[in-house]
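Counting starts at 1 for both ligands and their atoms, following the listed order.
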Amino acid sequence: MSRRFWSLCLAAMLAPCAAAAAGDATEEGLATLWEGLWHQSGTPTRVVRWENEIRFRMTGIDLAQHRDYVTQALRTVTQEAGVQLVDVTDQPGETPNLTVEIVPDTALQDNQPCVTFLDFRTETRVDRASIQMRSRDTYRCAYHEAMHLMGVRGHPGGHTVLSYFPQKVDGLTSLDRVMLRAWYSPRMKGGMTPFEALPVLSDELIASLPEAERPAAQQTRDRFFAATVEQMQAYAAGRGDIPAIVKRSGKSTEDGIRHGRSEMSYFLGVAYFEGATVGADQKQALGWFERAASAGNRRAQSYLAGPGTR
Ligand SMILES: [Zn+2]
């Protein structure tokens with residue numbers, strides 16, 4: 001057997017393996033982006049984001065030790081998103097719309113040593129926010145909370161600093177950057193429902209890949225969309241088990257799941273109505289709006305009441 005033959009043989013064997021590995025990475029990336037939209041209560045959320053500059057003040061203890069690191073985390077996420085960041089810590093006359101407080105190690109709880117609150121009147125635009133971190137946990141919390149600050153409320157699995165088991169805590173992963181760029185791209189709008197947001201997130205992921213990998217990634221995306229819609233239809237209709245992502249949150253309750261099902265029915269109505277993630281189908285849209293409306297979902301009821309009332 002000639003050496004040449006062997007090398008050809010190896011190449012032939014490796015090529016499909018490499019393609020399969022790339023496909024897995026794309027699928028894992030898509031799953032991470034989708035999970036990023038889910039709140040831990042067990043329902044996916046709308047996109048909320050900052051529409052104005054962020055003016056922050058840092059308060060609390062050990063600031064000399066933590067200020068540069070935390071500021072760098074805030075700079076990293078806002079730069080990726082294209083949001084202006086202004087530090088008003090040393091300007092007492094200025095009113096911040098973000099406060100970052102470093103608290104003692106005895107504050108908060110051991111199982112939640114840092115927390116971000118996003119303040120919004122409507123689920124579209126963040127008006128104000130606050131972050132608290134225990135002094136000793138600042139190193140592992142800063143980038144995680146900075147991602148929440150930008151509006152990403154989920155704790156997806158996969159390669160993200162938002163994961164409960166992150167591989168990296170002191171910076172953003174490439175997937176985090178994809179998430180932020182998509183979240184703040186002109187195509188994304190505050191208030192978008194999950195199936196409207198998913199294509200924007202997916203396209204940003206595919207655009208981040210080398211050109212040669214994109215056609216295969218698009219096929220993976222199409223399969224992922226179809227599987228996700230099917231799974232969510234089963235969830236909304238109360239068939240089968242609840243999605244693994246809801247279970248994994250560990251905070252789902254029966255009420256939360258019931259609410260999640262009615263929300264999901266409404267989101268599926270929007271998806272079919274607008275042809276987002278799935279092909280437009282007005283009959284399906286109507287069916288899902290009616291299901292959501294009969295479960296008391298107000299937005300679905302106003303959709304059914306006619307255009308312009310949403
Ligand atoms: Zn978190």
**Prompt:** Linking Ile, Leu, Val, Met, Phe, Trp and Tyr by side-chain heavy atoms under 4.5 Å, what else ends up with Val88?
**Reply:** Val86

Atom pairs and distances, donor-acceptor, side-chain atoms in residues 97-104, under 3.5 Å, two or more places apart:
from, atom 1, to, atom 2, distance (Å)
Asn97, OD1, Arg55, N, 2.7
Asn97, ND2, Glu53, O, 3.0
Glu101, OE1, Gln132, NE2, 3.0

**Electrostatic pair Arg221:Glu204 at N-O distance under 4.0 angstrom** = no

**Pairing of Arg177 and Glu80 as salt bridge, 4.0 angstrom limit** = yes

**Message:** Tell me which pairs pass salt bridge (charged side-chain N to carboxylate O under 4.0 Å, His left out) where either residue lies in residues 283-297, with sequence neighbours left out.
**Reply:** none

**Prompt:** Can you list the protein N, O or S atoms less than 2.8 Å from the Zn ion (ligand 1)?
**Reply:** His144 NE2, His148 NE2, His155 NE2

**Prompt:** Under 6.0 Å from the six-membered ring centre of Tyr184 and within 45° of its axis: does the NZ or CZ of Arg49 meet both?
**Reply:** yes

